[in-house]
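Here the structure is laid out as structure tokens; the discussion comes afterwards.
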2 protein chains.
Amino acid sequence: MQSTLFTIAEPNRFNIIELLKKKPRSVNELVKELNIGQPQVSRHLRILSEAGLVRVNRKAQQRIYSLEPKPFQELDAWFDSFSQLWEERLDQFESYLSNLERKE
Amino acid sequence: MQSTLFTIAEPNRFNIIELLKKKPRSVNELVKELNIGQPQVSRHLRILSEAGLVRVNRKAQQRIYSLEPKPFQELDAWFDSFSQLWEERLDQFESYLSNLERKE
DNA sequence: CATTTATATACGTTGATGCATATATATGTT
DNA sequence: AACATATATATGCATCAACGTATATAAATG
């Protein structure tokens, strides 16, 4: 799951993911919307594919790429586990407030 | 927010974050729990600090590092935006099911 | 079957990043 | 003030990953 994060963090791959989140696209569509060459797009798609983040569907000569939900679910869950962070801080703030009250 | 992701994706920084999530720690505590040298830990903490992911509190010679909640909240929200992915798939599955029923 | 369109791969170059070693700074202790 | 502890920074080196160019494969079309 940590390697998933690494894969997503690369700026171009991040942009590809943002585009694919809206709707599946062919390689050429991605090339037009990004500012990198076709070989780079193909290469990043390959990396995303090997990481299990996208799936491919053939349509004539085109390859239509779309996002694979599972890894994103996992990361979503991981980031949820940080919610304790701000909840604890809120608790601390509340006990600070009740201390104030006691003093008054 | 994308740069935040990039900062987190580095394996050692990821581990540091996992440790700090449990509780704040001094540099030396982190050094003992990770398999890298003190200068590297300090360097990664600096990067995390500049990215606004951690805060420092001095305690004698020690520097106690802890996580800053905001950026994690942001990423949590970003990954939530992917939930549409699997919900849509679920919708498709459901309409597929109701199609089956109609045919029967 | 030759050509066009769509995509993938190979290769060399370059820039970024992490590490180890050495050193600097800051605080505490005697 | 001298020394010890805790942390930060500087530097040189090695590795890795992304890019561009060129080329290969695959499918459609005339």
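Here is how names work: the chains are called A, B, and so on, in the same order as the sequence lines, proteins then strands, and each is numbered from 1. Note that this is a predicted model, so its numbers are computed, not measured.
Counting 5' to 3', DNA chain D first comes under 4.0 angstrom of a heavy atom of chain A and last does so at the ends given by D:dA18 to D:dA28.
Of the residues A:Glu33, A:Lys32, A:Gln62, the one that meets the side chain to side chain contact (heavy atoms under 4.5 Å, CB included) test with A:Arg25 is A:Glu33.
Using a 4.0 Å heavy-atom cutoff across all strands shown, A:Tyr65 reaches sugar-phosphate atoms only and no base atom.
The nearest whole Å value for the distance from the NZ atom in A:Lys59 to the P atom in C:dA6 is 13 Å. Rounded to a whole Å, the CZ atom of B:Arg58 is 8 Å from the P atom of C:dA26. Rounded to an integer number of Å, the gap from B:Gln62 CD to C:dG28 C1' is 11 Å. Between the CG atom of A:Asn57 and the P atom of C:dT7 there is a distance of 13 Å, given to the nearest Å. At whole-Å resolution of the value, CD1 in B:Ile8 and P in C:dT17 are 16 Å apart. Spacing between atom NE2 of A:His44 and atom C1' of C:dA8 amounts to 14 Å, rounded to whole angstrom units. Regarding A:Leu45, its CG atom lies at a distance of 16 Å from the P atom of C:dA6, rounded to whole Å. As rounded to whole Å, 17 Å separates atom P of C:dG15 from atom CG of A:Asn12.
For the pair A:Ser49 (side chain) and A:Leu45 (backbone), a donor-acceptor distance under 3.5 Å is absent. No donor-acceptor distance shorter than 3.5 angstrom exists from the side chain of B:Arg63 to the backbone of B:Val56, with no hydrogens or angles considered.
Using a cutoff of 4.0 Å between basic side-chain nitrogens and carboxylate oxygens, B:Lys70 and B:Glu74 are not scored as salt-bridged. Using a 4.0 Å cut-off between a side-chain N of Lys or Arg and a carboxylate O of Asp or Glu, B:Lys21 and B:Glu18 qualify as a salt bridge.
Among the nucleotides C:dA6, C:dA26, C:dA8, the one closest to the side chain of A:Asn28 is C:dA6.
Hydrophobic clustering (side-chain heavy atoms under 4.5 Å, transitive across Ile, Leu, Val, Met, Phe, Trp, Tyr) groups A:Met1 together with A:Phe14.
Heavy atoms from other residues, nucleotides or ligands lying under 6.0 Å from CZ of B:Phe6 number 12 at most.
For the atom pair CH2 of B:Trp78 and CD of B:Gln2, the computed distance is 8.0 Å after rounding to the nearest 0.5 Å. Atoms CZ and CD, from A:Arg46 and A:Glu50 in turn, are 4.5 Å apart once rounded to the nearest 0.5 Å.
Along DNA chain D, the nucleotide nearest A:Gln61 and the nucleotide nearest B:Val56 are compared for position; the residue whose nucleotide lies closer to the 5' end is B:Val56.
Of the residues in residues 31-41 of chain B, those with a non-hydrogen atom less than 4.0 angstrom from any atom of DNA chain D are B:Gln38, B:Pro39.
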